[in-house]
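Note sheet for the following structure.
Basis for what follows: all heavy atoms, side chains included, without hydrogens, waters or symmetry-related copies.
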Amino acid sequence: MTNNTPTITRDGAIGQDGSEVVTVDQATGAEFARYPAAGKEEAAAAVAAARSVSGPWWDLGFEGRAGQLRAWQREMAISGEEGVALIHAENGKPLDEARVEVLGILEHVQYAVENAERVLGRREVPGSRTVPNQRAWVEYQPYGVVGVIGPWNFPLLTPGAILVEAIAAGNAAILKPSQITPGIGEWLARTWRRAVPDFPDVLQCLNGFGATGQALIESGLNKLAFTGSVNTGKTVAAQCAQTLTPVLLELGGKDGVIVAEDADLDEAAKHIVWGAIQNTGHGCISLEVAYVVESVHDEFVEKISDLAKQVRVGSGEDAEIGPVPLPTQIPIIREHIQDALDRGATATVGGIEAVGERYVSPTILVGVTPDALAATEETFGPTLAIVKVTDTEEAIAHVNGGRYGLGSAVFSRDRGEDIARRLRVGMTSINDALVFSINPAVPFGGRGDSGYGRKQGEEGLREFAYPHSFTAKTGPAQFSATTFGRPAGAMAGALVGVRDRILAESGEKTD
């Protein structure tokens with residue numbers, strides 16, 4: 001018997017389709033906007049348009065593209081409050097948190113403009129002793145058309161950073177935003193068209209559900225970047241594998257924070273409560289579980305509980321966290337809290353009663369067992385599970401034993417770097433929270449079920465360009481290594497010479 005029940009993820013239902021995307025104002029629940037959903041024909045047309053312009057866009061060179069990116073940066077800065085209002089309406093996050101996203105995308109453009117040529121430009125590489133009459137260099141060239149499937153939790157900054165890198169590297173790009181937050185995707189494309197009217201198809205937006213993303217992949221992309229849940233990421237990777245389309249996957253996380261016995265507990269509590277609860281806990285890098293050494297456990301719990309009680313929830317101007325815009329996430333948050341309580345944990349703040357129909361208040365769970373859902377599976381809500389550990393060795397083992405490996409944090413006055421270096425994750429903040437996501441020069445990505453590939457930094461720019469290696473003859477060689485008819489004994493003599501050099505460099509005598 002076939003199970004026709006759709007797989008529900010924090011991206012929505014896998015393969016969900018429809019002719020129209022209807023968004024709601026998260027503050028009121030009322031309808032906000034409608035967008036036609038793109039199908040196979042629209043996806044194919046978008047890819048064809050992007051491909052037709054990708055060559056001329058690359059031909060502009062780094063300096064030419066930098067000028068266009070600066071124009072886009074200016075347009076986004078001028079239209080920033082429009083973008084802020086869209087994020088606030090569709091996602092529900094407070095206006096100031098929406099402004100953080102606009103500020104972030106502007107900084108990403110600045111980094112790309114200032115560093116793309118240095119990172120991706122022509123690079124000379126050492127020659128070879130075997131072929132000394134050859135010089136060699138590497139150039140990075142764009143894939144062509146890059147598809148970007150974005151999330152709803154950071155609808156501007158997450159896909160926007162990837163779009164900036166892809167475009168700066170010389171690609172044309174097509175964004176398929178989340179069906180919850182399509183308006184900000186339209187804003188990105190709209191500001192691009194206003195700023196760069198000669199190359200409007202370098203950045204396009206296709207709205208729709210999961211089926212639109214599938215249609216985009218099937219339309220002949222040269223690379224895809226996907227941000228979302230593990231289950232959807234596996235589906236996307238399997239689809240890309242059919243055409244050997246390279247893919248960047250930024251998936252889930254169960255980010256841990258270690259509070260050592262020598263931590264500044266006031267600093268730790270301030271940063272961790274923010275790192276766990278900001279954006280309503282809707283972050284793959286949210287600090288969802290704290291491993292606290294027993295000697296400081298009780299004092300830390302008291303401090304962070306006091307801070308969590310003060311976080312303001314709502315949609316008004318004074319709110320610090322907003323609603324949960326994806327209704328299917330509410331029961332997951334509730335299940336994780338209830339599971340922890342059933343296993344013996346207590347809620348010093350919040351609890352089951354904190355989970356409403358649209359809003360979830362901060363919840364601090366104490367005495368959580370390491371195998372509880374709140375300590376092992378992605379909650380994606382404003383919760384923090386606190387696990388008491390004997391020492392930092394036990395904490396490190398817990399962090400490294402999970403199936404995720406995205407972000408993390410460590411609080412220790414004297415051993416922060418030593419502890420952080422032993423964590424098998426992609427990123428770690430020491431005595432702070434989530435800072436690696438703010439600096440555009442820092443590579444962002446994970447391992448394990450958190451995905452693979454990187455955005456941001458030099459690695460992020462290179463993610464969207466492939467290395468093209470070159471060699472060129474500079475003159476005649478003593479003998480040719482790349483033709484037939486070599487002089488008798490030439491290669492044997494060359495081998496003896498290399499052997500003698502290696503032995504001499506290691507201090508050994510030659511025969």
Is any side-chain heavy atom of [X] less than 4.5 Å from a side-chain heavy atom of [Y]?
X      : Y      : answer
Phe444 : Glu250 : yes
Leu203 : Ile167 : yes
His336 : Glu377 : yes
Leu86  : Phe32  : yes
Ser229 : Leu251 : no
Ile162 : Thr227 : yes
Glu357 : Ile330 : no
Leu224 : Ile217 : yes

ask   = Is Asp96 paired with Arg99 through a side-chain N to carboxylate O contact shorter than 4.0 Å?
value = yes
request  = Kindly indicate, with the supporting measurements, whether the criterion salt bridge (Lys or Arg N to Asp or Glu O under 4.0 Å) is fulfilled by Glu267 and Lys270.
outcome  = CA-CA 5 Å; Glu267 282 291 301; Lys270 287 190 298 184; 3.0 Å; yes
task = Any pair with a residue in residues 431-451 that passes salt bridge (charged side-chain N to carboxylate O under 4.0 Å, His left out), sequence neighbours left out, goes on the list, sorted by first then second residue, please.
result = Arg403-Asp449
request  = Could you tell me which non-hydrogen atom of Ala347 sits nearest to which non-hydrogen atom of Leu341, and how far apart they are?
outcome  = N-CD2, 4.1 Å
Residues two or more places apart in sequence or in another chain: which of them pass salt bridge (charged side-chain N to carboxylate O under 4.0 Å, His left out) with [X]?
X      : result
Lys234 : none
Glu31  : Arg34
Glu117 : none
Glu320 : Arg312

request  = Begin from the C-alpha positions of Glu261 and Arg415 and carry the test salt bridge (Lys or Arg N to Asp or Glu O under 4.0 Å) through to its verdict.
outcome  = CA-CA 10 Å; Glu261 69 285 345; Arg415 299 189 297 119; 2.9 Å; yes
Whether over 12 other heavy atoms sit under 6.0 Å from Glu114 CD = yes
request  = Take atom CZ of Arg118 as the centre, draw a 6.0 Å sphere, and report whether it contains more than 12 heavy atoms from other residues, nucleotides or ligands.
outcome  = yes
Within 45° cone and under 6.0 Å: Arg65 NZ/CZ vs Phe62 ring = yes
message = Would Val311 and Trp274 count as a side-chain contact (heavy atoms from CB on, under 4.5 Å) here? Give the steps.
response = CA-CA 9 Å; Val311 177; Trp274 180 84; over 6 Å; no
inquiry  = For a quick check under 3.5 Å, do Asn207 and Glu186 share a side-chain donor-acceptor pair by atom type?
reply    = yes
task = Give every residue pair that meets the side chain to side chain donor-acceptor pair (under 3.5 Å) criterion with at least one member in residues 159-181, sequence neighbours excluded.
result = none
request  = Measure from the ring center of Trp57 to the ring center of Trp192 and say whether it is less than 6.0 Å.
outcome  = yes
query = Which of parallel (below 30°), tilted (30 to 60°) and perpendicular (above 60°) describes His271 and Phe411?
reply = parallel
task = Run the numbers on Val145 and Ile174 for side-chain contact (heavy atoms from CB on, under 4.5 Å), then give the verdict.
result = CA-CA 8 Å; Val145 180; Ile174 302 169; 4.1 Å; yes
request  = Show the numbers, then the answer: is there a side chain to side chain donor-acceptor pair (under 3.5 Å) between Ser79 and Trp187?
outcome  = CA-CA 9 Å; Ser79 307; Trp187 179 81; 4.8 Å; no
ask   = Do Arg454 side-chain atoms and Glu459 backbone N/O form a donor-acceptor pair below 3.5 Å?
value = no
query = Only one of Thr328, Thr232, Thr235, Asn231 forms a side chain to side chain donor-acceptor pair (under 3.5 Å) with Thr9, so which one is it?
reply = Thr232
